[in-house]
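Please read the structure below before turning to the comments.
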Amino acid sequence: MATFSPSTHCPSSSAYSNKSSSSLINGNPIHHHRTTLPSILRKRCRSTKLYLHIHLMEEEFSAVHLQDGAKSMKASPVESDDGPVKILKDGILSVPPVTPPEESIDIANFDFDKDNSTVSITVVGASGDLAKRRSFLHFSHFTMKVASLRFHFTIFGYARSKMSDAELRNMVSKTLTCRIDQRENCGEKMDQFLERCFFHPGQYDSQENFLELGQKAQRTRGWKSCKPSFYLSIPPNIFIDAVKCASSSASSANGWTRVIVEKPFGRDSESSAALTRSLKQYLDEDQIFRIDHYLGKELVENLSVLRFSNLIFEPLWSRQYIKNVQFIFAEDFGTEGRGGYFDNYGIIRDIMQNHLLQILALFAMETPVSLDAEDIRNEKVKVLRSMRPLRLDDVVTGQYKSHTRGGVKYPAYTDDKTVPNDSLTPTFAAAALFIDNARWDGVPFLMKAGKALHDRRAEIRVQFRHVPGNLYNKNIGTDLDLATNELVIRVQPDEAIYLKINNKVPGLGMRLDRSNLNLLYAARYSKEIPDAYERLLLDAIEGERRLFIRSDELDAAWSLFTPVLKELEEKKIVPEYYPYGSRGPVGSHYLAARYKVRWGDVGSEQ
Ligand SMILES: NC(=O)C1=CN([C@@H]2O[C@H](COP(=O)(O)OP(=O)(O)OC[C@H]3O[C@@H](n4cnc5c(N)ncnc54)[C@H](OP(=O)(O)O)[C@@H]3O)[C@@H](O)[C@H]2O)C=CC1
Ligand SMILES: O=C1O[C@H](COP(=O)(O)O)[C@@H](O)[C@H](O)[C@H]1O
């Protein structure tokens with residue numbers, strides 16, 4: 001009899017190893033099991049060798065257990081009854097022996113749609129920049145790669161602009177790529193994806209138009225039970241109108257409606273709280289999926305794995321061994337085309353308050369009770385609430401100016417026609433943050449984010465303290481800084497994790513150099529790294545909330561940045577100007593030096 005806990009851990013592979021099964025999916029053993037269990041919605045367990053997925057279907061759930069790293073799949077309940085799952089003490093469930101199914105299942109022919117439900121995503125604001133450039137592309141990758149295997153799936157575009165289905169498909173087709181699997185008839189898959197795209201014109205505040213959308217969607221696929229999600233790709237000031245109409249007029253009878261919201265979630269604490277309050281008039285918190293796409297990036301996902309599944313890191317993860325931590329975001333292009341949006345927000349709201357702070361929270365949080373969304377988000381909130389609000393003294397801001405290089409003139413931020421000539425909006429910022437808890441007391445957490453810099457990168461740098469009484473000091477010079485270890489988690493590009501160590505240069509002498517223990521993903525893994533949105537969309541559809549921002553997390557995040565944002569604006573702080581394509585304002589180095597830190601991305605060997 002295998003045992004597992006609903007909230008804390010997954011069964012080990014060995015828990016199932018005594019069960020024989022003749023059923024295979026892609027060569028992986030599969031065990032089916034059906035019973036009654038009212039209180040568990042779904043449990044996802046991930047480990048390298050094991051994936052367990054339970055779906056609640058009314059009062060029944062079916063469990064599909066795939067071994068050896070196979071992906072989880074939504075499966076219809078199998079027609080066997082192995083008896084009830086018993087709840088033992090401490091919430092441990094006892095799972096009766098699994099009856100192996102009689103025939104083997106071939107994934108290509110497996111019918112995942114037996115419940116005949118349809119997932120539909122409506123891109124609200126389908127005529128806009130985000131929708132055109134990114135949303136449909138993400139949906140296409142997601143649909144072609146994942147969803148088409150699992151769901152009836154439709155995508156609706158909704159906007160005030162008039163468009164036919166054919167025009168929408170034409171617009172969308174221009175953004176599609178064959179990034180998914182070149183070998184597997186990509187063209188055919190794109191066509192299949194486009195066939196699932198429809199357009200419905202309407203106003204964002206019209207109940208009637210949303211009702212028509214809902215009806216059209218019902219007709220399109222003959223929904224038995226429909227699972228509508230709305231992806232808000234509109235300016236935030238019309239979110240509430242759209243949500244009100246979508247939830248009251250285009251939502252499913254079974255209340256499945258979900259709303260996926262892109263940042264910005266407000267401009268400060270007050271506007272964010274007001275937005276949340278308004279959304280909650282029409283939706284429950286668990287229907288709102290606030291996307292921070294950095295949480296869907298592979299190396300950000302891996303951060304917790306690195307920390308909590310490797311003995312060598314966690315003991316070092318504190319003020320005792322870590323001198324400082326750096327979160328660096330750089331883009332080698334400006335706000336081209338997005339100045340209108342950007343000027344109202346600036347780099348602190350665009351990148352720091354969300355993407356970098358989310359990574360920081362995952363980096364610094366305590367070990368969660370389990371991998372469940374609420375347990376992880378609880379720990380993130382705790383660490384955010386232990387942080388000191390950012391002070392003006394601890395911030396440096398910059399704005400890029402025009403620069404000519406190699407005969408090419410690169411524009412200044414204010415050359416954008418949608419940006420006022422006298423704009424003081426920062427396109428660069430560096431900040432020093434502190435976590436006032438026992439683990440991190442006194443450790444500077446430095447952030448740096450900028451547009452129009454000399455390269456594009458996102459990385460986490462962990463600089464360790466020097467070795468006390470280092471025996472090899474004289475072999476590496478007197479600068480102890482040169483001898484400290486540094487762990488670099490390169491989120492993009494060229495995903496990698498590397499550790500800088502001191503090493504003896506081979507030879508008869510005793511000379512040390514700095515070398516890297518390097519896990520370069522491209523060299524280690526042949527599989528393509530999924531786009532952040534593929535993961536996030538799948539999770540939103542499946543109701544997995546781990547990678548979405550909860551409202552209290554959002555409040556805590558805004559509390560840290562709102563005072564300084566207000567001060568910057570009220571005092572009209574002039575940003576330090578830096579040339580397009582440079583390394584950014586020199587002020588960031590003074591800020592780091594104040595805390596005895598050297599930015600890790602500067603220097604010959606990064
Ligand atoms: N663009 C980007 O790269 C990113 C955008 N975001 C966020 O995503 C959302 C969408 O961004 P984006 O596509 O750039 O936005 P757009 O300004 O392009 O607006 C999207 C659509 O909304 C409708 N719309 C625009 N303004 C109004 C208005 N005042 N009243 C009613 N309808 C309006 C228009 O459609 P129609 O007239 O046809 O109805 C427009 O095509 C925003 O919240 C933005 O902050 C987040 C990250 C990146
Ligand atoms: O959210 C945003 O992110 C992008 C950068 O995302 P990436 O995945 O390409 O690194 C940034 O350009 C944009 O300003 C910001 O709104």
Side-chain angles (χ1 to χ4, degrees), residues 268-270 272-273 292 294-295 300 303-304 306-308 313-329 348-349 351-369 374-397 429-449 460-466 484 486-487 489 549-568 588 590-600:
D268 50 27
S269 292
E270 294 77 25
S272 165
D292 183 316
Y294 266 63
L295 290 181
V300 177
L303 196 48
S304 300
L306 190 72
R307 272 189 74 184
F308 300 125
F313 292 120
E314 191 52 22
L316 304 182
W317 223 252
S318 74
R319 64 191 299 277
Q320 212 178 338
Y321 297 105
I322 292 179
K323 193 167 55 162
N324 69 76
V325 190
Q326 305 174 14
F327 301 89
I328 299 174
F329 169 96
I348 297 178
R349 293 183 177 93
I351 303 292
M352 280 189 173
Q353 180 271 350
N354 34 69
H355 302 331
L356 296 189
L357 191 64
Q358 283 296 321
I359 300 178
L360 182 152
L362 283 175
F363 179 94
M365 71 184 184
E366 297 298 314
T367 314
V369 174
E374 298 323 315
D375 290 330
I376 293 174
R377 298 193 295 182
N378 287 345
E379 292 308 327
K380 282 166 68 194
V381 172
K382 271 200 245 165
V383 82
L384 292 174
R385 291 183 56 199
S386 306
M387 291 178 72
R388 262 180 247 167
L390 183 58
R391 295 180 317 136
L392 188 59
D393 271 359
D394 284 333
V395 182
V396 168
T397 59
L433 291 141
F434 294 88
I435 305 174
D436 290 332
N437 67 12
R439 187 186 283 264
W440 296 116
D441 189 15
V443 177
F445 284 78
L446 295 194
M447 283 184 183
K448 185 163 74 161
I460 308 164
R461 288 180 170 262
V462 190
Q463 295 188 343
F464 290 88
R465 294 188 183 283
H466 67 268
T484 61
E486 187 174 22
L487 175 69
I489 299 164
I549 317 292
R550 209 168 62 185
S551 63
D552 53 348
E553 269 185 88
L554 189 57
D555 292 345
W558 275 121
S559 317
L560 297 175
F561 286 93
T562 296
V564 84
L565 285 164
K566 289 203 166 138
E567 224 176 322
L568 282 166
S588 68
Y590 290 121
L591 173 68
R594 196 190 308 152
Y595 294 106
K596 301 190 172 52
V597 176
R598 217 168 29 184
W599 290 106

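Computed from heavy atoms alone, side chains included, the values below leave out hydrogens, waters and symmetry copies.
The line from CD1 of Ile348 to CG of Leu356 is 11.0 Å long, rounded to the nearest 0.5 Å. Atom-to-atom distance recorded for Tyr294:OH and Gln358:CD is 13.0 Å, nearest 0.5 angstrom. Atoms CD1 and CD, from Ile322 and Glu486 in turn, are 11.5 Å apart once rounded to the nearest 0.5 Å. Between the CD1 atom in Ile460 and the CD atom in Gln326 there is a gap of 11.5 Å [rounded to 0.5 Å]. The CG atom of Leu384 sits 13.0 Å away from the CZ atom of Arg377 when rounded to the nearest 0.5 Å. The distance from the NE2 atom of His355 to the CG atom of Leu295 is 9.0 Å, given to the nearest 0.5 Å.
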Steps toward side-chain contact (heavy atoms from CB on, under 4.5 Å) verdict (Leu433, Asp394): CA-CA 8 Å; Leu433 291 141; Asp394 284 333; over 6 Å; no
Begin from the C-alpha positions of Gln353 and Leu565 and carry the test side-chain contact (heavy atoms from CB on, under 4.5 Å) through to its verdict. CA-CA 10 Å; Gln353 180 271 350; Leu565 285 164; 5.8 Å; no
Give the intermediate values and the outcome of side-chain contact (heavy atoms from CB on, under 4.5 Å) for residues Lys596 and Lys323. CA-CA 9 Å; Lys596 301 190 172 52; Lys323 193 167 55 162; over 6 Å; no
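Residues passing the side-chain hydrogen bond (donor to acceptor under 3.5 Å, both in side chains) test with Asp555: none are found, sequence neighbours excluded. Scored by the side-chain hydrogen bond (donor to acceptor under 3.5 Å, both in side chains) test, Ser269 finds Thr562 as partners (sequence neighbours excluded). For the ring pair (Phe, Tyr, Trp, His ring centres under 6.0 Å) test, residues two or more places apart in sequence or in another chain that qualify with Phe445 are Trp440. Residues satisfying the side chain to side chain contact (heavy atoms under 4.5 Å, CB included) criterion with Leu392, sequence neighbours excluded, are Val564, Glu567, Leu568, Lys571, Ile573. Partners of Glu366 according to the salt bridge (Lys or Arg N to Asp or Glu O under 4.0 Å) rule, which considers only residues two or more places apart in sequence or in another chain, are Arg439. For Tyr595, the ring pair (Phe, Tyr, Trp, His ring centres under 6.0 Å) partners are Phe434, not counting sequence neighbours.
Between Pro389 and Ser559, the closest heavy-atom pair is CB-O, 4.0 Å. In terms of heavy atoms, Leu390 sits closest to Ala432 at CD1-O, 3.4 Å. When all heavy atoms are compared, the tightest approach of Pro368 to Glu379 is CA-CG, 3.6 Å. A pairwise comparison of heavy atoms in Asn354 and Asp292 identifies C-OD2, 3.1 Å as the closest pair. The shortest heavy-atom contact between Asp441 and Arg319 is O-NE, 2.9 Å.
Classification of Asp552 and Arg385 as a salt-bridged pair fails, no side-chain N sitting under 4.0 Å from a carboxylate O.
Put simply, the side chain of Ile435 reaches to within 4.5 Å of the side chain of Leu360, judged on heavy atoms. Within the 4.5 Å cutoff, the side chain of Trp599 has no heavy atoms near those of the Gln463 side chain. Between Ile359 and Ile489 there is no side-chain heavy-atom pair separated by less than 4.5 Å. Proximity of Ile351 to Lys448: side-chain heavy atoms (C-beta onward) are nowhere separated by under 4.5 Å. No side-chain heavy atom of Arg307 sits under 4.5 Å from any side-chain heavy atom of Phe313. Using a 4.5 Å heavy-atom threshold, the side chains of Phe561 and Arg349 count as separate. Between Leu357 and Met352 the shortest side-chain heavy-atom distance does not fall below 4.5 Å. Contact annotation: the side chain of Glu374 approaches that of Arg550 to within less than 4.5 Å [non-hydrogen atoms, C-beta and beyond].
With hydrogens and angles left out, the side-chain atoms of Asn324 and Arg461 include no donor and acceptor closer than 3.5 Å.
Heavy-atom contacts from other residues, nucleotides or ligands closer than 6.0 Å to CZ of Phe308 number more than 12.
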